[in-house]
Student: 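Here's a structure for you.
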Amino acid sequence: MVNFSDLTVVQSVCLALVVIVLVFRAVLFPTFPGYGAFDVGGIVDLVDSSTSSLLRKNVDHGIRRDKFLEVPQIVWGLNNQKIAFARACLTARMLNRTLLVPSLSASLFYKEVEQLQAVSFDKIFQFTKFNSLCAGFVQLAKYSELLNRTGVVEMQKGSGRKWTPAKDLDQLKQFKGDPYDQYEVIRIVGKNPFLWHDHWPVKEYARILECLVLVDEIAEEADQVISRIRAVGREAQGTQGSSQQSDVGNMERASPVATPYMAVHMRIEKDWMIHCKNLEKRLNINEICSSKEVIMQRVGNIKGLGKPTVVYLAVADSLLEDKTILSNWTEGLLPFEKKKLGVVAIYDKYPYLIKSAIDYEVCLRADIFVGNSFSTFSSLIVLERTQKMIRMGLSSSCSTDPSWLSYAYNIKGDFGGPKRWMTNMSDSSLQAISYGTNHVSC
Ligand SMILES: *[C@@H]1O[C@H](CO)[C@@H](O)[C@H](O)[C@H]1NC(C)=O
Ligand SMILES: *[C@@H]1O[C@H](CO)[C@@H](O)[C@H](O)[C@H]1NC(C)=O
Ligand SMILES: *[C@@H]1O[C@H](CO)[C@@H](O)[C@H](O)[C@H]1NC(C)=O
Ligand SMILES: *[C@@H]1O[C@H](CO)[C@@H](O)[C@H](O)[C@H]1NC(C)=O
């Protein structure tokens, strides 16, 4: 540790300044977990460096803050964009560089690049919060942090069958060394990061997804949808309690615990059905597509559900006109989509990406989530729910724990219900999650 008697006067003054700054930051930002101010290694680094660089932090928890990585615009569905973003972060981490905050895409156009509606990352996710939660792992920088816009070297990502994961990894390793390492910015050109080869374990993706926190405006919209769902559930339980004079009903109303709800990500729209039928043929698996009848039946067979239970149906907008998705559910399950819930106006204010982010949050925070294991959207939700279980120190075994329950309705489980589903956090790549799987670890 620092020996005070060895310090020169200048160093002592600097150390005092650093301590003052640290105390100040501790007072100003007491609630940021993992905030850099408390890192003892950081203090020693500062004292050890020359006076002139004392106030310039070039290394933040092991990630260089003066070397950057730039990636192409992140495109496609919300889930594709999250995975692509995380892959860009992990690439930056491997190169020991700070990622220049990439543009996301607000719309879902696949081909017309000019219609992709670039939207800045910090319109959707909290920038500062990301850096504090992911401190020591990956870091984001704004373009204004660049010192010298001339020091750029381009890395052209290869493509085609001959561009193997091994070649891709070799290229990354090459760019870790000189002369490339000298450049202030490495700019990757070519395909969007979702299509890059994957070199990182599931755990590292989970670590990054945890740092993505919605900006307040969007989080508040999600909160509103969720309170509406819970309010509908409370009303239903209240009605039942008084009509049946049930003690359980009264107890539940008095209970401070929020009324539980289930979210079902129902993929039954035409596009999906065509896609999944093709997938079934190609993979020679017959448990990818589930009809709405199968979904309703399996969800109805989940054991131990309190009744009545509100079921939020996360469905494509094209299905909101389809009355049949709301009928024929097992008694005691009360299905709602955005329209019946009266929250369409909340969603309609926003472009595709934000609509999807709100639905994602509603599914993520549900007491029970049921999705399709071949959907990337469902798979990412289960990954984050599994990570939450692990963070809470809950058992990571499928059979025992009743919190953060998730199921895959496309696979038959016990008692004719859907199959319990958890992400295998030991997997060595995200491949299975990106493209769907019937291995649900339970
Ligand atoms: C990044 O570089 C810094 C400074 O050279 C070093 O201290 C740190 O360990 C490196 N971090 C990683 C993740 O390689
Ligand atoms: C910026 O780049 C130019 C040209 O490469 C170089 O001469 C100059 O020293 C650089 N400035 C800084 C602050 O790195
Ligand atoms: C509901 O189920 C019954 C019996 O299986 C069936 O006859 C009816 O057509 C179904 N109704 C809808 C709207 O799917
Ligand atoms: C999880 O993945 C690891 C590594 O691929 C594998 O060895 C293990 O059997 C998997 N566990 C389950 C429950 O599928």
Side-chain angles (χ1 to χ4, degrees), residues 34 36 39-50 53-54 56-69 86-100 131 133-141 145 147 151 165 169 172-186 198-208 211 285 287 373-374 379 382-383 385-387 389-390 394-401 404-408 410-411 413-414 419-442:
D39 187 23
V40 175
I43 298 176
V44 175
D45 273 353
L46 285 174
V47 173
D48 284 349
S49 23
S50 70
S53 66
L54 256 179
R56 225 181 92 192
K57 255 171 107 192
N58 288 338
V59 178
D60 192 0
H61 308 273
I63 302 294
R64 290 180 299 176
R65 295 289 324 210
D66 56 351
K67 300 285 183 210
F68 303 92
L69 180 74
R87 192 160 290 153
C89 286
L90 293 171
T91 305
R93 173 177 162 80
M94 180 177 175
L95 297 171
N96 197 349
R97 284 171 179 265
T98 295
L99 181 66
L100 285 169
N131 274 347
L133 291 176
C134 259
F137 194 64
V138 298
Q139 288 292 282
L140 284 179
E145 289 176 45
L147 293 174
L169 193 60
L172 290 176
K173 283 183 183 151
Q174 200 182 8
F175 274 78
K176 264 173 87 88
D178 289 333
Y180 309 106
D181 197 48
Q182 307 285 321
Y183 286 88
E184 187 183 9
V185 178
I186 291 177
D198 184 14
H199 308 295
W200 298 279
V202 167
K203 274 200 185 83
E204 300 201 345
Y205 282 93
R207 176 84 178 77
I208 289 170
C211 305
I285 296 177
E287 51 185 13
S373 68
F374 278 85
S379 299
V382 174
L383 170 69
R385 291 169 66 90
T386 306
Q387 177 80 343
M389 275 178 72
I390 292 170
L394 298 173
S395 139
S396 49
S397 131
C398 299
S399 50
T400 49
D401 218 291
W404 299 108
L405 273 175
S406 306
Y407 295 90
N410 56 310
I411 306 174
D414 298 337
K419 183 95 171 153
R420 279 287 308 274
W421 182 9
M422 277 177 56
T423 302
N424 183 354
M425 286 292 184
S426 316
D427 245 324
S428 56
S429 87
L430 200 69
Q431 181 79 18
I433 286 172
S434 319
Y435 296 102
T437 178
N438 56 355
H439 296 294
V440 293
S441 313
C442 289

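All ligand and atom numbering here is 1-based and tracks the order in the structure. The structure displayed is predicted, hence computed values, not measured ones. Excluded from the calculations below are hydrogen atoms, water molecules and symmetry mates; all remaining heavy atoms, backbone and side chain alike, are included.
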Student: Suppose we screen for side-chain hydrogen bond (donor to acceptor under 3.5 Å, both in side chains). Which residues come up paired with N96, at least two apart in sequence or across chains?
Tutor: none
Student: Ignoring angles and geometry beyond distance, decide whether N424 reaches within less than 3.5 Å of ligand 4 through its nitrogen or oxygen atoms.
Tutor: yes
Student: Under 4.0 Å from a heavy atom of N96: which atoms of ligand 1 are those, numbered in the order shown and with their elements?
Tutor: 1 (C), 2 (O), 3 (C), 8 (C), 10 (C), 11 (N), 12 (C), 14 (O)
Student: What is the distance from atom OG of S428 to atom NE2 of H199, rounded to the nearest 0.5 Å?
Tutor: 12.5 Å
Student: Listed by chain and number, what are the salt bridge (Lys or Arg N to Asp or Glu O under 4.0 Å) partners of D427, not counting sequence neighbours?
Tutor: none
Student: Strictly under 2.5 Å separating the two SG atoms? Check that for C134 and C211, please.
Tutor: yes
Student: Within the structure, does at least one protein heavy atom fall under 4.0 Å of atom 2 (O) of ligand 4?
Tutor: yes
Student: Heavy-atom contacts with D427 under 4.0 Å: which atoms of ligand 4 show up? List them by number with element.
Tutor: 5 (O)
Student: Do the side-chain N and O atoms of N438 and E287 include a donor-acceptor pair separated by under 3.5 angstrom?
Tutor: yes
Student: When you check the gap from the basic side-chain N to the acidic O, do R97 and D66 get nearer than 4.0 Å?
Tutor: no
Student: With a 4.0 Å cut-off, strictly under, does atom 9 (O) of ligand 4 pick up any protein heavy atom?
Tutor: no
Student: Short list, please: which atoms of ligand 1 are under 4.0 Å from a heavy atom of R64?
Tutor: 2 (O)
Student: Is S426 in contact with ligand 4, taking contact as a heavy-atom separation below 4.0 Å?
Tutor: yes
